[in-house]
Visitor: 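Before I ask anything, here is the structure I am working with.
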Amino acid sequence: MTKRNFPTVTTAATFQIEYLRYLDDRGRAVTPLPEFAADPAALLRFYEAMVLMRSYDAKAIALQRTGQLGTYASMLGKEAVDAGVGFAMQKDDVFLCTYRDNGIQMLRGVTMRELLLYWGGDERGSDFAGPRRDFPVCITIASQCLHAVGVAYAIKLRKQPRVAVCMIGDGATSKGDFYESINAAAAWKLPVVFFITNNQWAISVPRSTQSAAATLAQKSIAAGMPGVQVDGNDVVAVHQAVQDALARARCGDGPTLIEAVTYRLADHTTADDASRYRPPEEVAAAWKHEPILRLRNYLSEAGVWNKSREEALLRRCNTEVQAAAQAYLDTPPPPPEQMFDQLYAVAPAAYAAQRAALLENAQAHGSDHAG
Amino acid sequence: MAQITLVEAVNLALARAMADDPEVIVLGEDVGRDGGVFRATLGLLEKFGPARVLDTPLAENLIAGMSIGMAAEGLKPVCEIQFSGFSYATIDQIINHASRMRHRTRGRLTCPMVLRTPCGAGIHPPEHHSESPDAMFAHIPGIRVVYPSSPRRAYGLLLAAIRDPDPVVFLEPTRLYRLFKEEVIDDGVALPLDSCFTLREGTDVTLVTWGAMVYETLQVADELSAQGVSCEVIDVATLKIMDMDTILASVARTGRCVIITEAPRHCSVASEIAASLADEGLLTLLAPVARVTAPDIIVPLPRLEQNYLPGRAQIHAAIRKTLEFA
C-alpha cells in the first residue's frame, strides 16, 4: 500500500470479536462454568437431549436409506448448538430455522413424528401442535432472516417480552437477505437473535471460499450490533451466548449475532456425497471435537454420569425414536383436496373445476407418471 | 363529495384502513416524512406515527420479507415498492414464502399482506420505472393480483386487499395516478376481489382490459358508439383470482372479443384470457379473439415510449378487424 501523508490520521472505528469456550475437546473446563452450569447435574438435560437428537438423526437417515423418507439433512455434529439454543428460548419466543435445526425444533415442542412427516413429504409436518407461532423449515437460504425482522418488529410494536431467534448457516452469510436483515434489525434495535451455525461447508463450498472475513461474527459490526463467536461443540458456551443475547433482546437492547464454530460431520443431505469434495482426514479430525463425547467426559468426570445411565438413556431414546417413526409411517397420506383447500382462506370458486378434475383423476388413476 | 385522483384514493383507503384497524402497518422506502415518491402515503406519518408508518432501509427484498414476518405475527402490513422494476427484487419472497405460508403450514401461519407498487408505462420516467409485471405475479399460486383503473375502484379494491386474509399484490397504474378525478365516498366499503367490473354494456364486441389501458379503451368505445358500434367494456381488475365467468358471459352475448393490455404479449394475462375463451367459449365466438398488446420487446426509455404503448389506433384497428370477420 502506498503510504499517504494525510495531515491528520485518526481511527474511524475499531472492533474485536470475543470467542467463548468453557469445555475443551476432552471435556475439561478451561474456565469456571457460568451460573446455569455451576451444578454439573444441571447439564444432564442438555446431554440427554443431545443424545436423543443423535438417535433421531440416525433413524431419519435409516428411514431414508430404506426408501421410507425423502431427502433428509443430517444434524450430526450440531447437537451442542441445538441443545444450547433450544434450552435458552422461552415458550413464547418465535423460532425461525433452516433445514438442519430439527434438534431445536424438538426442544421447542415439535414432535419427531411431525419432523419425519415433513421430511417424508407431507405439509402437515409443519402444522406444529406445539409451538404454533414458530416458522416452518426454511429451505431457501437466509430468507428467514427477513421474516425474523418482521416478527421482531411486530413484537417490539406490541411491547411484548418475546424474541425472534433466527438460525442460518455459514453459506447464508453471503446472501443479501442476511445483510439486509442484520442491517435493519440493528437500525430498529429489534428483539432478534441471529445465530450462524458455521459448520465449515455449504454443500461443497468451504468456509474459506465463502468469505475472506476472519470471522462471520464480525459481520455484525458493519450492521451495528454486537457479535460473538463461540465454540459450537461446547454446549455451555452456546447456551451462555444465547442466554446473553436473549436477555439483551428482551430488555430492549436490540439484536445480537452469534457465530458457532462447528463441523458438518455428515453429508450435506442424504442426496449428497461429501467424499467427492472433502478429504476423509479432515472429517476424521473433526470427530475429535464432536460435542456429545466432550460433554459426556465432563459429566462422567464430575461423577453425574456413568455407563449404566448411558445405556439406559440410549434404550429410552431408541424406544422414543422408534415410536415416533412408527407413528409417522402409520400416518396415511393427506387427502389430495388439501392442495386446493389450504391455498387461500376460502377455496376460490374459480378453481372448483380444477379441484374436481384433480380429485377425479386421483380416484380413477392414482399416480401413473414415470419416476 | 370530493373529486379525487387515483393516487389520492389510494391514500384515502390507506388512511381509512389504518384508522379502522390498528394492526395495519404501512412500510416502504420514503413512505414516512416524504409521503411516498408518488405521495400515496402523504399525511399517514403525521396521523398514525412512525411505529405504524415505517421508512425502511433501502432494500426491497427486506420490505417484502419482513412483511411476511409481520403478517405471521398477526399484523397487516401494506408495503410499498417504489417503482415497478424494483418489485422484481421481491419476487423470491412473494413466490417462495408469502404465497405458500398458509399452504405449507396447513393454515397455522398465514400471510395477510399487501404489496403495492406502481405499474405500467407512460409517465416518461427513467429505466425500470415502466414495467408491467402483472402476468409474472399472476402466475404465482396462492396470491391475489389486483390492478384498479379508477379512483373509486382503487379505494374499494385496496380496502378489500388489506382486509383479505391472504397476500395481495396491488398494482397501481402510474399513468392514471393523476390523469383524472372521480367522486369517491370515504365510506369504508370494499369492492369484491373476485369479480370483473363491466364498465359499459354493449352488444357488438366485448373489450376486455385492465390497468391504465382501461382509459383508452373507454375512449375508443365512446368513439365507436358515435359510429353505431356498441362495445361492452370489462375491467378485469382482479387478475388473480380472475372472474372468467363474467368475460365468458359477455362474449357469449357479443360473439367477439378484443383483449387490450400494455404488457408484452408472450405469456401475458391477455394470453390466459384468450386461452380460456378458446377452452370454454369457442362455440360462442363469431370471430377469432384479438389481442392488442405491447410487442415482445423491452419497454423503452421515454423517447420511444409512445411507440411502445398500444394506443387508440391499434384498439380501433383490432376491433374493426374483429367486426369485419365473416
Side-chain angles (χ1 to χ4, degrees), chain A residues 94 96 118 122-129 131-140 142-158 160 162 164 166 175-177 179-181 183-185 187-188 190 192 334 338-346 348-351 353, chain B residues 22-23 25 27 51-52 54-75 77 79 89 92-93 95-113 141-144 164-167 193-194 238 240-245 280:
Chain A
V94 180
L96 301 102
Y118 172 75
D122 190 327
E123 283 85 354
R124 292 173 300 178
S126 296
D127 184 10
F128 315 141
R132 300 292 291 169
R133 303 307 278 271
D134 280 8
F135 273 55
V137 163
C138 187
I139 298 282
T140 57
S143 301
Q144 71 277 18
C145 298
L146 301 162
H147 308 159
V149 172
V151 168
Y153 191 90
I155 290 171
K156 183 169 178 164
L157 183 78
R158 291 167 170 160
Q160 297 167 334
R162 304 160 65 212
C166 180
K175 284 202 63 168
D177 297 41
Y179 288 106
E180 291 183 19
S181 298
N183 178 64
W188 280 318
L190 298 181
V192 52
Q338 278 200 359
M339 292 189 281
F340 279 94
D341 297 348
Q342 302 284 353
L343 193 60
Y344 297 91
V346 178
Y351 298 166
Chain B
E23 309 286 21
I25 306 288
L27 66 152
R52 291 182 63 201
L54 282 71
D55 276 323
T56 65
L58 207 166
E60 288 81 13
N61 195 35
L62 165 78
I63 293 167
M66 74 177 285
S67 294
I68 295 166
M70 288 174 154
E73 275 291 308
L75 294 179
C79 67
D92 174 36
Q93 285 295 323
I95 195 164
N96 280 319
H97 299 288
S99 70
R100 49 186 95 190
M101 194 57 85
R102 175 187 297 281
H103 180 260
R104 69 155 60 110
T105 63
R106 285 296 183 258
R108 182 173 62 82
L109 296 179
T110 60
C111 192
M113 68 176 277
I143 68 169
R144 292 179 186 273
D164 192 76
D166 290 305
L193 288 180
D194 57 1
T238 56
K240 189 186 189 94
I241 299 161
M242 192 189 283
D243 166 23
M244 201 55 212
D245 290 348
E280 300 172 61

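As the structure is a computational prediction, the values presented were derived from the model and not from experiment. Reminder, nothing fancy here: chain letters follow the sequence lines and each chain counts from 1.
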Visitor: Evaluate the side-chain proximity of A:Pro136 to B:Arg108: yes if any heavy-atom separation is below 4.5 Å, no if none is.
Guide: yes

Visitor: Of the backbone (N, CA, C, O) and the side chain (C-beta and beyond), which part of B:Leu27 lies under 4.5 Å from a heavy atom of chain A, both, or neither?
Guide: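 Interface part for B:Leu27: neither.
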
Visitor: Would you mind checking which part of A:Tyr179 comes under 4.5 Å of any heavy atom in chain B, side chain (CB onward), backbone (N, CA, C, O), both or neither?
Guide: neither

Visitor: Non-hydrogen atoms of chain B under 4.5 Å away: do they reach the side chain of A:Gln144, the backbone, both or neither?
Guide: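 No part of it gets close to chain B.
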
Visitor: Checking heavy atoms, do the side chain of B:Asp164, its backbone, both or neither come under 4.5 Å from chain A?
Guide: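 Contact with chain A: none, neither part.
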
Visitor: Given that the side chain runs from C-beta out, which part of B:Leu54 has a heavy atom under 4.5 Å from chain A: side chain, backbone, both or neither?
Guide: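 Answer is side chain: those atoms of B:Leu54 sit under 4.5 Å from chain A.
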
Visitor: I'd like to know which of A:Ala187, A:Ser143, A:Pro334, A:Ala184 tops the heavy-atom pair count under 4.5 Å against chain B.
Guide: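 Result: the option with the highest number of such pairs is A:Ser143.
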
Visitor: Check whether B:Thr105 gets within reach of chain A through its side chain, its backbone, both or neither, counting any heavy atom under 4.5 Å.
Guide: both

Visitor: If I measure from the heavy atoms of chain A, does B:Leu75 come under 4.5 Å with its side chain, its backbone, both, or neither?
Guide: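 Both backbone and side chain.
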
Visitor: In terms of heavy-atom pairs under 4.5 Å with chain B, which of A:Asn183, A:Ile155, A:Val137, A:Asp177 leads?
Guide: A:Asp177

Visitor: Taking atom CZ of B:Arg100 and atom OG of A:Ser126, what is their separation to the nearest 0.5 Å?
Guide: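 The distance works out to 12.5 Å.
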
Visitor: Quick one: of B:His103, B:Glu73, B:Arg104, B:Arg144, who has the most non-hydrogen atom pairs under 4.5 Å with chain A?
Guide: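 The answer is B:Glu73.
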
Visitor: Should the ring pair A:Tyr351 and A:Tyr344 be called parallel, tilted or perpendicular, given that the plane angle runs from 0 to 90° and is split at 30 and 60?
Guide: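 Ring orientation, 0 to 90° scale: tilted.
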
Visitor: For chain B, find which of A:Gln338, A:Met339, A:Arg124 contributes the most heavy-atom pairs closer than 4.5 angstrom.
Guide: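 Sorted descending by pairs with chain B, the first entry is A:Gln338.
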
Visitor: Less than 4.5 Å apart, any side-chain heavy atom of B:Met66 and any of A:Tyr153?
Guide: yes

Visitor: Where does A:Cys138 contact chain B at under 4.5 Å (heavy atoms): side chain, backbone, both or neither?
Guide: side chain

Visitor: Examine whether an atom of B:Met242 lies under 4.5 Å from a heavy atom of chain A, and if so say whether it belongs to the side chain, the backbone or both; otherwise answer neither.
Guide: backbone

Visitor: Is there a side-chain contact between B:Glu23 and A:Arg158 (heavy atoms, below 4.5 Å)?
Guide: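 Side chain of B:Glu23 against side chain of A:Arg158, heavy atoms only: contact under 4.5 Å found.
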
Visitor: Looking at B:Asn96, B:Asp245, B:Ile143, which has the largest count of heavy-atom pairs under 4.5 Å with chain A?
Guide: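 If we count pairs closer than 4.5 Å to chain A, B:Ile143 comes out on top.
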
Visitor: Any side-chain heavy-atom pair from A:Leu146 and B:Asn61 closer than 4.5 angstrom?
Guide: yes

Visitor: Check whether any side-chain heavy atom of A:Pro348 sits under 4.5 Å from a side-chain heavy atom of B:Ile241, and report yes or no.
Guide: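 Side-chain contact under 4.5 Å: yes.
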
Visitor: Does a side-chain N-to-carboxylate-O contact under 4.0 Å join B:Arg102 and A:Glu123?
Guide: no

Visitor: Sort A:Ala148 into side chain, backbone, both or neither according to what part of it lies under 4.5 angstrom from a heavy atom of chain B.
Guide: neither

Visitor: Under 3.5 Å, is there a donor-acceptor pair between the side chain of B:Asp166 and the main chain of B:Gly142?
Guide: no

Visitor: Tell me, for B:Asp194 versus chain A, whether the close heavy atoms (under 4.5 Å) come from the side chain, the backbone, both or neither.
Guide: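 For B:Asp194, no heavy atom lies under 4.5 Å from chain A.
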
Visitor: Is the shortest distance from a Lys or Arg side-chain nitrogen in A:Asp127 or A:Arg132 to a carboxylate oxygen in the other one below 4.0 Å?
Guide: yes

Visitor: Pick one of side chain, backbone, both or neither for B:Thr56, based on which atoms fall under 4.5 Å of a heavy atom in chain A.
Guide: both

Visitor: For A:Leu157, which atoms come within 4.5 Å of any heavy atom of chain B: side chain, backbone, both, or neither?
Guide: side chain

Visitor: Under a 4.5 Å cut-off applied to non-hydrogen side-chain atoms, are B:His97 and A:Thr140 in contact?
Guide: yes

